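The next block holds one structure in the form of structure tokens; read it before the comments.
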Amino acid sequence: MDMQLTADEVAFRKEVRSFIRSALPTQIRDKVAAGGYGSRDEMIEWTRILHAKGWSVPHWPVQWGGTGWSPMQLAIFDDEIQLANAPQPLAFGVNMLGPVLYTFGNEAQKARFLPRIANLDDWWCQGFSEPGAGSDLASLKTSARLEGNAYIVNGQKTWTTLAQYAEWIFCLVRTDPESLQPGRKKQEGISFLLIDMKTKGITVRPIQTIDGGVEVNEVFFDDVRVPVENLVGQENRGWDYAKFLLGNERNGIARTGATKEKLRRIRQLAQNGYEGGPPRAHDRRFMEKLTAAEIELRALEITQWRVLARVAKNPKGKPDPASSILKIKGSQMQQCATELLLEMAGPYAMVRKSSASDAHNQPPVGPEWAAVTAPQYFNYRKVSIYGGSNEIQRNIIAKAILGF
Amino acid sequence: MDMQLTADEVAFRKEVRSFIRSALPTQIRDKVAAGGYGSRDEMIEWTRILHAKGWSVPHWPVQWGGTGWSPMQLAIFDDEIQLANAPQPLAFGVNMLGPVLYTFGNEAQKARFLPRIANLDDWWCQGFSEPGAGSDLASLKTSARLEGNAYIVNGQKTWTTLAQYAEWIFCLVRTDPESLQPGRKKQEGISFLLIDMKTKGITVRPIQTIDGGVEVNEVFFDDVRVPVENLVGQENRGWDYAKFLLGNERNGIARTGATKEKLRRIRQLAQNGYEGGPPRAHDRRFMEKLTAAEIELRALEITQWRVLARVAKNPKGKPDPASSILKIKGSQMQQCATELLLEMAGPYAMVRKSSASDAHNQPPVGPEWAAVTAPQYFNYRKVSIYGGSNEIQRNIIAKAILGF
Amino acid sequence: MNFDLSEDQQLLKDTFERFLKQTYGFEQRKAACAKPEGWSHDIWREMAEIGLTGLLVPEAHGGFGGGKVEAMVALEALGSALVVEPFLPTAVLCAHLIAKHGTTAIAEEYLPKIVDGSALLALAHMERQAPLDPANVATTAKPSGDGYVLNGEKTLVLHGDSAQALIVSARVAGNQTDRAGIGLFLVDAKASGLKRQAYATQDNGRAAEISLYDVPARALGEAVAKDGLLALEATIDLGMACICVEAVGAMAALHALTVDYLKMRKQFGLPIGAFQVLQHRAADMYIALELARSMAISAMMSTDEPDAHKRHQAIAAAKVQIGRAGMMLGEEATQLHGGIGMTMEYASGHYFKRLTMIDAQWGDADHHLGQLARQGSLLSD
Amino acid sequence: MNFDLSEDQQLLKDTFERFLKQTYGFEQRKAACAKPEGWSHDIWREMAEIGLTGLLVPEAHGGFGGGKVEAMVALEALGSALVVEPFLPTAVLCAHLIAKHGTTAIAEEYLPKIVDGSALLALAHMERQAPLDPANVATTAKPSGDGYVLNGEKTLVLHGDSAQALIVSARVAGNQTDRAGIGLFLVDAKASGLKRQAYATQDNGRAAEISLYDVPARALGEAVAKDGLLALEATIDLGMACICVEAVGAMAALHALTVDYLKMRKQFGLPIGAFQVLQHRAADMYIALELARSMAISAMMSTDEPDAHKRHQAIAAAKVQIGRAGMMLGEEATQLHGGIGMTMEYASGHYFKRLTMIDAQWGDADHHLGQLARQGSLLSD
């Protein structure tokens, strides 16, 4: 038993840290540190910096641009990305589609798409959720019917993150309409399609979220023609690939590095009062809450290492059900950090900057960091909903671990 | 809308308070204040003091010794009993059996039993729960088969509070064994019997609980003969009487007066340090927890008044499902008070007085009040279990109020 | 003890609810929020017509002469409909201050206009160094001719952007944190030297930063021009009690919305409300709502408590309970709704945002808990 | 990073678990608790035979020479079986202090006896005016002849009733709360002037109040006779880490017991574990358990951290997490069991009681949280 990193791992962390911190453009770092996101162009810029270093898709097979790092190294890399306030590489291509393609795609698909994902030449989005199918994903209805050498896709996807930026979307579609009949398994009529967003018949409608942003969209398909070569794997086997993808999604979902960085920032901001008022650090109750959060984060971080150590011993195994702990507690800790920031802002959390032009013309109201506290707090409510809600995760623990 | 007591109610409270505080024997008061219970003899002594005043069964019909008080007056009386650290009159006779008898019993039963309950001539206990039937009470198995002019009772009851003191037990028994068959309603074969504890074939086995006390028992029935005149109401209709009884049980279940008195005591104890140490009142975190408890208790108290005001308008109505709120929150607040006491005792909560003789021979270890904090904390875990567990109460809210 | 409305109060409640049902549906509210000022003058006029704006104005000045119960009825309805019009600053805070402490001239000038909806007022008392401490006042008032001139900065002035006049706290004597020497003054919003920076709040409300440079002002009233802190604190307490009631209206509506959604939304072939876990969550929300309602009633019924300490304790305690309940209900409603609860296209998120902002307004639950813990027992006798 | 046991450690674990399975079932434990001393000398001897009592004693003194991982393995097993024998004071606290700081004479006298099970020792450091502050010491030690005489009172001395010798903290210089000038001394329990009042603890443990009146004593070691506070604090930290691990053993056993009960116990025709609400409660308990386990590992692995501040932070943080998790699991297990969980005839209540006492021992979760909040960030680099 040993909770220390090896000397090699320490050296690796140092190398990664030093590269990321020197290579990350300052304006991107400051944006992320303040709770924002990189713009489309900034995401591309940063991904290409990583790609040039060979680090844009580190967990992929070396053949397709991966690094051959150990699970621990990959975890350190993730952690350092988060600690540096660097944007995480765009998950839809890098973490979701990429592994599906190199595992189940044909050679032509791999050659065509993987390099473009690694360089963020194609911005991918994910077409899984539908208005009637949230946690019950397999009840999806978007249909794809084969006509000659193309599928004709009709239906609607929703909660499609950053679809407004996307060149491509990977979709679950129903290729066997009979599979929804009683007595059939609805999972058995689903296929996995790659769809060019420029295809005729696709409409994207932005959904404004309660943080005031536009992160998600509805995507409508009206007789959209998708060449048959864009089918991944076999027809009606898409559910298998989706499960594989969703299993991968739980890796790194705890985002302990990002939360650690947020708590650090809170402690630092708490040192200064605003306009002559007392610093928050004088408020013992607040500092105890912050300390309690630090303790819980530490507990989560070690738990993550423990799960990782198990996974590292059996890297090809099924997703560890204990990763549901990471999802639940990780989302709670991410939310906890936004709650502390909100509390720290006090009444200044109420202020809304309605547009960038306001921000240019007017001095900030309240401490500069306070303006984003409420939007962040609202935005982060999503993390206990998406990727399998925390209720679903508890079901997983009850069934897969506790044997109910 | 008016949240004040009327002048008459204020005068009534004053009268009740003044009587209780002057009539309550000091040694009983001190015992209850310290978190203990009156002994059997003390309970009898106190009940008879109340009875002499005409207040031992205030909510009963005047004919049977009741007072004719309004629901608000009855609530004030309850509150004052609790605030004075007086023992509550023994619930099994006064609150449970009494109303069943004067509502469903025959004249002979009323004349025979009610006066003896009012004067605590008979100590009653309750024979409902069985080892296999907790929250699912109606699945009880204790059988009573009619033989000539007597029922022969066989089976086992459990969690029978203070059965060791009892002269009588009222029991739910299964008089129609067929009612447990599939397709039948198990509620329809149950009868309500009154059983003399001295009858041959009854064995009481005490159960030691985690607070170290012996409050509950198992009661075994082995061919126990119960004269048929001890059947209450009709055979196989006992479930109706039990539901009536359990509905009454939820009244006053919040015990806000008792919790208020406990919080008051905590605030007072917090003023003094132990052996030169600092008083707890200097610990801001503790005082904030105490204050938060006071706020929640206040919210509960007003909620109780609101439910009471509704009940007062329709006193013959069914139990208000909102009383489930009072049960849940009332139990949480009672537990919260014991948690604060436990926390206040710090490491001294660990000490166990193993017997009364220890206490006589030895000085107390730690502050005198600390010795009972852990037993009280453990004992009060029961209040969210008994009388319909808090999970059952949430089911009631979901179904009866929210319409799920 | 009696928690019923009188017949008249019930009538008033029905009137307000009917009115809001007709004029303040989700889309109508959206349209109001989209107007340049962030709310609708037309609706404000209609609110005046049915007696809402003058609800608390004494009958002598043409108002309805309503008291705490009428205010409770109105605020619960407004909270339930998430009304963004400037009811609180104009019709509650400033109407109260003027009716209770204003000179006859000021009362005669403004109260009838509040009743007919033509006056918009705001209360400017917060300062940046300590927005939650009304006794921490750096803004100064110096006598000048018949009146005063004010200098200083005020922050987070609710609806300060559209107000025609502001009631401003300013120091006439003493040091920055002295409780004595704080006066209340009436300032014309167009007065020279007054600048305002308008902005929206997270819940579709509006506010402004106000800077005052040699701004001419009148004393609000003779007594409160010299020592206005107690009047200001009573007004803030009244405001806190009002937003507590408003929060209860919002929580009740949000809870009903959530329960309906759970019954309607299907997953895995069942309404998600069939899952016991979600039923119990809804039950816990209901418990929180009912306890919050009790405290909001208590807060509002305490607004005319003559003992200022008792009054503040009761209202601050309610603010703690409501703050916690509001956050809990907002977060749980969002979680139970899933994705749809994250969007602006559905009502639950708007309730969540309003409840979050009510907690932040005039000090959140932890702030008041911390203060109450220094003030002795809250237990009644 | 590696959370596996070595082969030897795994062997040790199997040995301890097998031993406890055979000797420490529910009824066997009950019998041990019923003995006059509250625990069983026979079992203690068996514990010595399989190497438990000498686990942390250096090999040079005949012990196993185990380190932190071996301690972890033992304590988890002991916690899981709710062992009441005096392992912690004798085999951990005093063994550690003597091995690390004792004179050669004392080490040679006591360590072999700890190994063979014939010595029982206790650590007497708490005083009534501030039991959680080891630097608050009023007991005095004055040189006398070759040794010292002690005067004072010690409280809550775990297993102080049966100990043959006590290690006592006493002041050789300075004021009552000075960090300097606190020495550690070895006292024979039969020495003249030493009185003890024995009592049971809530979890079937034993303790004593000790009073010292001109009691002859030896310096535990030359260095720690003058300034022993750092050694004492390190020992308390070790003790806290050990009870954290013990708690994890207890929590895991309690959780397993609860899950089994939910699967077995039927109500309304179904195992109660079929109810989703109870499944989720069990899942939340599991999460709490696993997070607690992580922190207990971290605490134990930090016991030999050379930076005393870092060591204490890591261990106190674990105490917070374990305290909260232990109370949560204890309360939830009781609730989920219903009535049976309230009785002494079933194991869950015994786990609950032990976990409650572990939280209270050396300061509860809130106590340590309050202290940690004054000490800067806990975040690692």
Side-chain angles (χ1 to χ4, degrees), chain A residues 129 131-139 158-159 186 207-212 214-216 273-278 283-286 289 335 339 342-343 345-354 358 361-363 365-367 373-375 377-379 381-382 384-386 389-391 394-395, chain C residues 126-133 136 138 153 155-156 158 176 197-205 207-209 265-269 272 275 277-278 281 327 330-331 334-345 348-350 352-353 356-357 359-364 366-367 369-370 373:
Chain A
S129 290
S135 290
D136 182 12
L137 184 58
S139 65
T158 192
W159 314 131
K186 59 194 171 184
I207 302 175
Q208 201 187 21
T209 43
I210 54 174
D211 55 313
V214 184
E215 206 175 75
V216 290
Y274 174 63
E275 298 261 335
D283 176 350
R284 299 233 52 81
R285 186 174 1 92
F286 184 81
K289 274 178 149 178
Q335 291 175 340
E339 287 156 27
L342 184 77
E343 181 175 345
Y348 287 111
M350 299 198 289
V351 178
R352 175 157 66 98
K353 288 256 177 63
S354 50
D358 279 18
N361 297 333
Q362 299 186 338
V365 177
T373 56
Y377 166 71
F378 293 129
N379 184 275
R381 304 318 303 173
K382 75 187 176 194
S384 52
I385 297 171
Y386 69 23
S389 72
N390 283 6
E391 289 73 32
R394 286 194 185 87
N395 285 347
Chain C
M126 289 187 183
E127 301 194 358
R128 292 190 192 104
Q129 71 280 4
L132 303 181
D133 180 3
N136 190 321
E153 311 265 337
T155 190
L156 292 167
L158 289 187
Q176 188 178 312
Q197 174 189 348
Y199 49 90
T201 56
Q202 288 288 338
D203 50 358
N204 282 109
E209 302 294 287
R265 167 78 168 168
K266 286 192 178 164
Q267 296 221 326
F268 304 104
I272 57 177
F275 291 100
V277 157
L278 306 190
R281 302 268 283 271
M327 297 303 277
E331 291 176 1
T334 306
Q335 183 71 20
L336 296 184
H337 273 92
I340 188 80
M342 291 292 300
T343 76
M344 297 288 268
E345 302 175 0
S348 80
H350 294 269
F352 179 26
K353 285 160 77 86
T356 305
M357 294 305 114
D359 184 37
Q361 176 73 36
W362 286 311
D364 65 12
D366 270 12
H367 169 80
L369 181 61

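The shown structure was predicted, so the numbers you read here are calculated from the model rather than taken from an experiment. Within every chain, numbering begins at 1; the chains are lettered A, B, ... in the order of the sequence lines, protein sequences first and strands thereafter.
In this structure, chain C has a heavy atom under 4.5 Å from the backbone of A/Ala133, while its side chain stays farther away. Both the backbone and the side chain of A/Arg381 come within contact range of chain C, with heavy atoms under 4.5 Å apart. The contact between A/Asn379 and chain C is made entirely by backbone atoms, counting heavy-atom distances below 4.5 Å. Proximity to chain A (any heavy atom under 4.5 Å) is shown, for C/Leu369, by neither the backbone nor the side chain. Residue A/Pro367: no heavy atom, backbone or side chain, is found under 4.5 Å from chain C. Contact of C/Gln361 with chain A is made through backbone and side chain together, with heavy-atom distances under 4.5 Å. When heavy atoms are compared at a cutoff of 4.5 Å, C/Ile272 does not approach chain A at all.
When all heavy atoms of A/Tyr274 and C/Arg128 are compared, the closest pair comes out as OH-CD, 3.4 Å. The two residues C/Leu132 and A/Pro347 come nearest to each other via the heavy atoms CD2-CG, 3.9 Å. Taking every heavy atom of both residues into account, A/Glu343 and C/Asp366 meet most closely at OE2-OD2, 3.3 Å.
With chain A as partner, the option from C/Met126, C/Met342, C/Arg265, C/Met327 having the largest number of non-hydrogen pairs under 4.5 angstrom is C/Met342. Here C/Thr201 is the residue among C/Asn204, C/Asp203, C/Asn136, C/Thr201 with the most heavy-atom pairs under 4.5 Å with chain A. Interface summary for chain C: among A/Gly132, A/Ser139, A/Ala374, A/Ser384, the most heavy-atom pairs under 4.5 angstrom belong to A/Ser384. Of the residues considered (A/Arg394, A/Lys289, A/Gln335), A/Lys289 shows the highest number of contacts with chain C, using heavy-atom pairs under 4.5 Å. Among the candidates C/Thr356, C/Thr334, C/Asp359, C/Val277, the residue making the largest number of heavy-atom pairs closer than 4.5 Å to chain A is C/Thr356.
Taking the salt bridge (Lys or Arg N to Asp or Glu O under 4.0 Å) definition, one finds that C/Asp364 meets it with nothing, sequence neighbours left out. In this view, A/Ile207 and A/Thr158, A/Trp159, A/Arg205, A/Val216, A/Glu218, C/Thr343, C/Glu345 satisfy the side-chain contact (heavy atoms from CB on, under 4.5 Å) rule, not counting sequence neighbours.
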Problem set entry | C/Thr155 and A/Glu275: CA distance, side-chain angles, deciding distance, side chain to side chain contact (heavy atoms under 4.5 Å, CB included) verdict | CA-CA 12 Å; C/Thr155 190; A/Glu275 298 261 335; over 6 Å; no
Exercise. Step by step, would you call A/Ile385 with C/His337 a side chain to side chain contact (heavy atoms under 4.5 Å, CB included)?
Worked result: CA-CA 9 Å; A/Ile385 297 171; C/His337 273 92; over 6 Å; no
Problem set entry | C/Gln335 and A/Glu391: CA distance, side-chain angles, deciding distance, side chain to side chain contact (heavy atoms under 4.5 Å, CB included) verdict | CA-CA 9 Å; C/Gln335 183 71 20; A/Glu391 289 73 32; 3.0 Å; yes
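Residue A/Tyr377 forms a side chain to side chain donor-acceptor pair (under 3.5 Å) with just one option from C/Glu331, C/Gln202, C/Lys353, and that option is C/Glu331.
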